[in-house]
Amino acid sequence: MSQSIVPVLTPVAVEAPYSYAVPDGMTLSPGDVVVVPLGPRTVLGVVWDGEPDRIVRGKLRPVEAKLAGPAIAPAMRRFVEWIADYTLSPRGMVLRMMLRVPEAFGPQMPVIAVRLAGAPPERMTEARRRVLEVAGDGLAWSKTALARAAGVGVSVVEGLIQAGTLQCVALPPKPVVAPPEPDFAATALTQAQSGAAEALADAVAAGGFSVSLLEGVTGSGKTEVYFEAMSEALRRGRQVLVMVPEISLTAQFLARFEARFGTMPAEWHSGLTPKLRERTWRGVASGEVKAVAGARSALFLPFADLGLIVVDEEHDPAYKQEEGVIYSARDMAVVRGSLEGVPVVLSSATPSVESRANAERGRYRHLRLPDRYGARLPDIRAVDMRSDGPERGRFLSPPLVAAIAATIAGGEQALLFLNRRGYAPLTLCRACGFRFECPNCSAWLVEHRFRRQLACHHCGHAIPRPVNCPNCGAEDSLVPCGPGIERIAEEAAERFPDIRILMLSSDLIGSIAELRQRFTMIERGEVDLVVGTQLVAKGHNFPNLALVGVVDADVGLATGDPRAAERTFQLLQQVTGRAGRQRDGGRALIQTFDPDHPVIKAIVSGDREAFYAREMESRERQGLPPFGRLAAILVSARSQDEAASHAKALARAVPPADGVRVLGPAEAPLAVVRGRHRFRLLVKARRTFDLQGFLRAWFDAAPKPRGSVRMSVDVDPLSFL
DNA sequence: AGCACGCCGACT
DNA sequence: GTCGGCGTGCTC
């Protein structure tokens with residue numbers, strides 16, 4: 001009888017499963033999680049589908065063990081393959097993301113408890129008597145809890161176990177969360193809301209894959225609407241997954257979920273303790289955990305009976321994984337929905353252009369919530385900085401200063417938004433014109449007055465702020481150019497010496513706890529004026545916020561990013577929408593040098609349709625997604641020369657293909673990320689073009705990366721570095 | 001000589 | 001991704 005062989009995919013950078021011998025007496029089927037030897041170590045692997053590759057050099061090594069836990073379901077195996085094919089990543093690397101919960105694959109440690117079982121011990125002591133009194137309730141106690149309740153040491157309890165009076169019992173693991181109640185606190189919905197809610201609930205009831213784009217301005221009640229769809233899935237006993245873009249945003253989501261369903265959902269993100277990760281993973285796999293709110297990685301949880309996926313704030317760039325396997329969690333959520341055969345809901349006040357295009361083409365159901373429920377929209381105006389700008393060296397225009405003064409005088413809060421950290425984005429020498437640039441990147445060094453440094457925002461390179469010009473030696477000649485939020489806060493403090501100002505930016509915040517604490521301060525009215533970066537655009541609601549001032553709406557519009565307009569539109573819509581969120585109206589003033597720019601006009605007029613129509617037309621003209629296909633090839637290495645030469649060699653090896661254009665690499669690296677110099681090649685192709693096939697052929701023919709050179713592929717990228 | 005570090009390639 | 005092998009170059 002021939003020895004039986006199985007294909008096993010291992011979580012390393014390999015394309016195909018390896019073949020292993022099955023030891024006598026072990027039966028394995030696809031999906032089983034196994035322990036296999038790999039080189040000098042042993043790793044987890046998953047028995048894969050199909051025939052094992054019999055052409056193996058060297059000897060076959062045997063599978064060491066089959067794990068008792070849940071197998072990886074077929075839909076999950078297809079998910080791994082799909083992502084690997086789409087992102088051109090090795091399958092093993094994608095599998096790795098699924099096996100990143102090592103605790104969950106070991107033997108499950110039962111919780112041991114003790115219970116009164118046998119006759120009293122022959123030797124009774126006072127301590128033993130007290131323990132037996134407490135344990136007399138017949139319930140199972142943990143050893144420490146019992147000892148504590150009886151006021152004795154754990155050794156007394158252990159003595160009674162020895163004596164046979166107490167017996168050890170294995171408890172079922174403690175549930176991660178209590179099950180949510182679908183109808184705990186059903187919300188009264190407006191007519192528009194209930195129409196959308198019914199459509200979503202119908203999709204859940206009908207089962208099968210579908211995608212719905214739920215679109216409605218801030219405050220229109222999207223959450224309440226998709227809660228109804230979740231309620232329907234929960235009522236059917238199925239599991240729901242809600243994706244949220246950032247951990248810092250989950251707190252308020254959890255609270256709203258609890259108010260609606262009576263308990264918190266399980267959380268999933270990188271900050272969980274190993275123990276909680278394990279329990280959550282197992283609970284999801286057993287089907288006991290019914291609702292999960294999580295970050296990108298929650299996509300790889302082994303749901304036993306998934307009934308619905310919701311992607312909240314679907315346009316958010318945080319959904320994109322930028323390192324390792326580069327993928328968009330929003331898109332992969334749709335893929336998982338299709339492989340699992342469950343409905344997907346994408347929710348946003350400012351949907352991505354791709355999702356809008358899919359909705360318009362009829363691939364997604366489009367559900368709109370037209371009204372701002374229970375409040376008016378803010379009054380938004382542009383301030384033309386060419387005619388109404390401030391005096392030289394200042395950045396707050398007279399109309400904005402007047403509005404801040406009036407707001408604070410009225411006992412309300414104001415917010416100044418500028419998406420630029422630090423004090424000044426450029427420092428130059430008045431004497432010789434020298435500009436401080438990053439030695440690694442083609443970027444200016446940003447002055448951080450608080451830290452007394454000049455820092456590169458791409459690679460983190462920082463130097464102490466010099467006193468004299470390093471080029472000509474002139475004294476007192478260095479001048480900061482342009483504002484960051486530190487400079488805006490400084491100007492505000494000069495203009496309004498008596499108000500309480502709070503700065504919020506990622507580099508000034510140490511932890512999520514600290515961020516939450518700052519948000520609470522704002523909420524309690526302990527602050528009059530908030531000066532912040534995009535950190536203030538999302539998340540927390542500020543109930544007392546009456547005025548939003550956008551210091552420079554043109555930031556971000558002039559970058560080379562094909563999604564710059566979309567991004568700016570989304571950001572400005574979000575940040576202006578914070579004015580008067582829970583009050584009547586509210587105001588927003590937008591400082592700009594280009595009030596006729598379509599993005600600014602769309603924000604001021606509130607005409608979202610005009611923006612989307614224009615943006616689609618422009619994308620179509622340029623052959624950009626969703627009308628064309630785009631990929632970014634990132635080549636990185638420790639040295640700039642090495643990265644540049646490989647990027648150039650790659651560019652020379654482009655195979656001829658009709659309807660595809662490869663751009664780049666530029667002369668200087670695009671950025672330095674974690675000490676690695678990154679060059680980028682852009683591939684533009686027709687929508688119908690087989691981009692993956694082209695890329696594979698290209699890389700097969702091109703020189704292989706050597707040494708520290710690494711390549712990654714970002715297909716249909718959501719953002720550009 | 002002995003060891004630290006970095007690069008390279010194999011892993012069934 | 002991770003490990004061992006092996007080269008280079010530095011130090012005791």
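All of these numbers come straight from a predicted model, not from anything done at the bench. Letters go in sequence order (proteins before strands), and every chain restarts at 1.
Note: A:Y86 and A:Y327 fail the aromatic proximity criterion, with ring centroids not under 6.0 Å apart.
Following rounding to the nearest Å, A:R710 (CZ) and B:dC7 (P) show an atom-to-atom distance of 12 Å. Going from atom CG of A:L60 over to atom P of B:dC11 covers 13 Å, rounded to whole Å. The separation between A:M93 atom CE and B:dC11 atom P is 18 Å, rounded to whole Å. The separation between A:E642 atom CD and B:dG6 atom C1' is 12 Å, rounded to whole Å. One atom, CG of A:L99, and another, P of C:dT2, lie 13 Å apart when rounded to the nearest Å. Across the protein-nucleic acid pair, A:Y18 atom OH and B:dC11 atom P stand 7 Å apart, rounded to whole Å. Rounded to an integer number of Å, the gap from A:L95 CG to B:dC11 P is 20 Å. A straight line from NZ of A:K704 to P of B:dA10 spans 14 Å, rounded to a whole angstrom.
The shortest distance between the side-chain N/O atoms of A:R41 and the OP1/OP2 oxygens of C:dT2 is not below 4.0 Å.
Pairing each heavy atom of A:I309 with each of A:G337, the nearest pair is CD1-N, 3.8 Å.
A:S355 and A:E314 share a donor-acceptor pair across their side chains, judged by distance under 3.5 Å alone.
Which of B:dC11, C:dG1, C:dC3 sits closest to the side chain of A:R96 comes down to C:dG1.
Ion pairing between A:E288 and A:R282 fails under the 4.0 Å rule for side-chain N and carboxylate O.
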